[in-house]
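Working notes, beginning with the structure itself.
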Protein chains: 4
Amino acid sequence: MPTDRPPMRADARRNRERVMRAALEAFAADGRLVPLDEIARRAGVGAGTVYRNFATKEALFEAVVSDRVRAMVDEARALGAADDPGAAFYDFLARVVEAAMVNHALCEALMEQGAGALEGECMDAAFTDALDVLLRRAIEAGDVRGDVDVHEVRTLMNGCMAMERFRRAAVPPRRITALALDALRPRQDVTKQGNETEVSRKDGACEICDRPLNTSRTGRPARYCGPACRQKAHRRRTRA
Amino acid sequence: MPTDRPPMRADARRNRERVMRAALEAFAADGRLVPLDEIARRAGVGAGTVYRNFATKEALFEAVVSDRVRAMVDEARALGAADDPGAAFYDFLARVVEAAMVNHALCEALMEQGAGALEGECMDAAFTDALDVLLRRAIEAGDVRGDVDVHEVRTLMNGCMAMERFRRAAVPPRRITALALDALRPRQDVTKQGNETEVSRKDGACEICDRPLNTSRTGRPARYCGPACRQKAHRRRTRA
Amino acid sequence: MPTDRPPMRADARRNRERVMRAALEAFAADGRLVPLDEIARRAGVGAGTVYRNFATKEALFEAVVSDRVRAMVDEARALGAADDPGAAFYDFLARVVEAAMVNHALCEALMEQGAGALEGECMDAAFTDALDVLLRRAIEAGDVRGDVDVHEVRTLMNGCMAMERFRRAAVPPRRITALALDALRPRQDVTKQGNETEVSRKDGACEICDRPLNTSRTGRPARYCGPACRQKAHRRRTRA
Amino acid sequence: MPTDRPPMRADARRNRERVMRAALEAFAADGRLVPLDEIARRAGVGAGTVYRNFATKEALFEAVVSDRVRAMVDEARALGAADDPGAAFYDFLARVVEAAMVNHALCEALMEQGAGALEGECMDAAFTDALDVLLRRAIEAGDVRGDVDVHEVRTLMNGCMAMERFRRAAVPPRRITALALDALRPRQDVTKQGNETEVSRKDGACEICDRPLNTSRTGRPARYCGPACRQKAHRRRTRA
DNA sequence: CATGAATGAGGGTTCATTCAT
DNA sequence: CATGAATGAACCCTCATTCAT
């Protein structure tokens, strides 16, 4: 059965996408605070065009974050069959938190309860369900404590997102998330320290100040942006 | 160092205090969102009077939260000589989080970085310093991992405050904070499980759903509001 | 006189009719308030198509109501030869009011004066003329007071339409119209004419055109603003 | 018991009055259509000042029309002891209509049903009650037909207001009102009651409440939807 | 010095009309 | 020629801050 509506006109689709892209950027930067007119301006369209595509500002917000969360749910489902359930679970959490670090809207939406921006498209429940699958497998594999449920994990994830967003300047990104997520590991599991070693660098950023690294193609990969941060890291390692 | 200004008149001081009390309540409930006029109304004064005492709405916010944080700093300092450094440290954190649970303004202020509401009166630094003392003693006593610094603790505390504020409905209050703070305990310290046992009930509320308990003066104190929650707690204990 | 334009294409005419049908329904329900997009949607066409057929929303409104009024004019003309002039007259009025009860657009249009929606197609004048024929015959037959003219009847009809639209809940439909139209019937007794004599002048305004009078302190009070209106009043008095 | 609030400041009261005066003029000219900013501009104040005094535009409208209606209710009550009940009744109606002629807001408000602008201050009911007193006395004095109730009078008044507002240019002001109100006067001859008999039922609806009738194919056609309405009709017929 | 009235710049939203596809 | 997307001016309302009383 084909849909009733004809395919969107090319220019309309282009504009809709421009609006969503502009909204994504704007909401990511300032959350719901950003004025709708600002989004329209950034998209290069009139306010009316935004309202043609989205009934309210909130609907636009929902669309933007639901889109993003849908992608994450897909990711989670893809990880459901991974070889290493523990890694799949922890990696997924880390990726969500990573995404929220650069997207305040995502952060806001994932943290909301009942009647939040993700309720309309049931993305909140879908996210919880997909996460639950990963969690259960990780528990079975002995990589996560057995006494936590998915709601606690989501709450902990909220905390991680908040911590990265409101982390003290002296704390390098991702580190505190790694530490907090460690609380999910089984107690007896001391052979795998997780925390210290898990903080693998996924991109070329200084481990201390998070500034992009001048990567050189040859030699050992750089971990710090310069001598100052290297020294700081040294102090941190030797402090205790 | 005495100030140049003459001492405040009695009625003026009374007004200032009324404004601060009203602002405390209002900000605690809604954070910065509350309109200034609402505060003035609650204080029983005109908006002009608020502005006579505080240059801007933000200045009032600063004053209110700095006051509250000052009291906490005092608390922390008092705990600096406690017999059990570990307990002092963890209790203090728990108390701060508890306070933030009923005071959104405090939560907002403590989480802010650089040029936040606590900077004006240096309360942010004072808080960090006081916390640092507790932290170092707890590390020395072996109750906290040696590889965390005070900035990480503050960041983790931010996460706890956020988690309590945005906790999933199925998660009882305080539990997730206990779990997260556990991440600070040294790894080898498995004799003291902390998490499960640390969650002591400070008031008469169901451990599962947080509703007030019908306390009976005799017999063993109730922990749950009814059979449903007791069963749920049992499932949670035996799930793994 | 044939128009210069070629006959409309079949699909174009079909579209025009669909728009008018949709507009009829929509305007009937909400009057001019209904958004044009809503009409286009109901007609299953784009807004542009509406504008291709009607220069403005108002033009569409005119077309719709003129159509409806044209049908009524035809009705009135058909009644011009009825056996019972009184019944023809009163029935026609009742039918118009009845129609306006379910068609707010018709109600709006018939009530408007000068440059209203019916002016463009001269339907207002045509309606008045057709009604006038019925009125004169009814007067001749002794079923309507001789001292009313068609403008008064139209005005009274406006009142009836308004009364049915804004009638108190406790008043059954049509009853108040019947009561008001009764005022047109000749008085069986001629001792108390009521109408003419009751209209006492409360202020110094011309009885015909309502402009303020140049009152003179002496002599008989003026009733008209000048010779033109005096003559008009005379005609009105002697018309029947 | 004195009121809690101190008397309004002189300038504030002046501004409030300016707003109400401006609103009176503007609403009188264009009804609710007039933009609030326009009212503010006419009053020489900012929009915020209007909102300081009136919670919403509708509240301002209510205040303006309630004020006016209150004065009319007072007038009606003062007329309750007049020597000539008939004159009092008809004069009052004429005055209301006269007022509505120059005040579209008043016209709108008086015509509205349920939850209209006059409901908030119960002015609608007060108006009806006060009018009812005049009506009953006029009926007793034999100056008004005994078979009309106050709701019909209000509805008729609605019609008069509408007629004056939408009167044909050729009809002098007040004349049509006089004519319509004449319908309330008792008929000298009672042989032809007109009203009751003219209202022929065109469709199967209850004569009282207008609900569809359960028509039976045999026997006399039903006129009422049930015993309740039949009784009500009986009361209406025998009331005089 | 207190009061609370006034300001006015925005913010979200609607809709008649135009115009690119 | 139809489509329906885009425009943008209004509209109602809020609230931090200033200032006359």
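This one's a predicted model, so the numbers in the text were calculated from it and none came from an experiment. Quick note on labels: first sequence line is chain A, next is B, and so on, each numbered from 1.
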Taking the nucleotide of DNA chain F with the closest heavy atom to each, which residue, C:T49 or A:N15, is nearer the 5' end?
->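 By nearest-heavy-atom nucleotide position, the 5'-most residue is C:T49.
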
Between D:A55 and C:V45, just flag the one whose closest nucleotide in DNA chain F comes earlier from the 5' side.
-> C:V45

Consider the side chain of D:A12, meaning its heavy atoms from C-beta on, and name the nucleotide among F:dC11, E:dT17, E:dA5 that approaches it most closely.
->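 For D:A12, the side-chain atoms sit closest to E:dA5.
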
Across the strands shown, which category fits A:G46 at heavy-atom distances under 4.0 angstrom: base, sugar-phosphate, nothing?
->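 A:G46: backbone/sugar contact only, no base atoms under 4.0 Å.
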
By nearest-heavy-atom nucleotide on DNA chain E, the more 5' of C:L33 and A:K57 is A:K57

By nearest nucleotide on DNA chain E, pick out whichever of C:D37 and D:V50 is the more 5' one.
-> D:V50

Give each stem of DNA chain F as a range with a range, requiring at least 3 consecutive Watson-Crick or G-U wobble pairs whose two distances are under 3.5 Å.
-> E:2-21 with F:2-21

May I ask you to decide whether B:R70 forms a salt bridge with B:D67, counting only side-chain N to carboxylate O separations under 4.0 Å?
->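 So B:R70 pairs with B:D67 through a salt bridge.
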
Measuring from A:D30:CG to A:E25:CD, what's the distance to the nearest 0.5 Å?
->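 CD of A:E25 is found 11.5 Å from CG of A:D30.
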
How long is the span from the CG atom in A:N53 to the CG atom in A:L60, to the nearest 0.5 Å?
-> 9.0 Å

Any side-chain N or O of A:R52 less than 4.0 Å from the OP1 or OP2 oxygen of F:dA5?
-> yes

Between A:N53 and F:dA5, does any side-chain N or O lie under 4.0 Å from OP1 or OP2?
->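 False: A:N53 side-chain N/O out of range (4.0 Å or more) of F:dA5 OP1/OP2.
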
Out of A:R16, A:E17, A:R18, which one pairs with A:M20 under the side chain to side chain contact (heavy atoms under 4.5 Å, CB included) rule?
-> A:R16

Nearest-angstrom distance from the residue atom CZ of A:R41 to P of E:dG12 =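 About 14 Å, once rounded to whole Å.
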
If a pair satisfies salt bridge (Lys or Arg N to Asp or Glu O under 4.0 Å) and one of its residues is in residues 51-65 of chain C, list it, with sequence neighbours excluded.
-> C:R32-C:E58

By side-chain contact (heavy atoms from CB on, under 4.5 Å), which residues pair with D:R165, not counting sequence neighbours?
-> D:H104, D:C107

What donor-acceptor contacts under 3.5 angstrom involve side-chain atoms of residues 39-47 of chain A, with partners at least two apart or in another chain?
{"residue": "A:R41", "atom": "NE", "partner": "A:E38", "partner atom": "OE1", "Å": "3.4"}
{"residue": "A:R41", "atom": "NH2", "partner": "A:E38", "partner atom": "OE1", "Å": "3.1"}
{"residue": "A:R41", "atom": "NH2", "partner": "A:E38", "partner atom": "OE2", "Å": "3.0"}
{"residue": "A:R42", "atom": "NE", "partner": "A:E38", "partner atom": "OE2", "Å": "3.2"}

If a pair satisfies ring pair (Phe, Tyr, Trp, His ring centres under 6.0 Å) and one of its residues is in residues 17-67 of chain A, list it, with sequence neighbours excluded.
-> A:F27-A:F61

Might you list the N or O atoms of the protein lying below 3.5 Å from N or O atoms in nucleotides 19-21 of chain F, with each pair's distance?
none

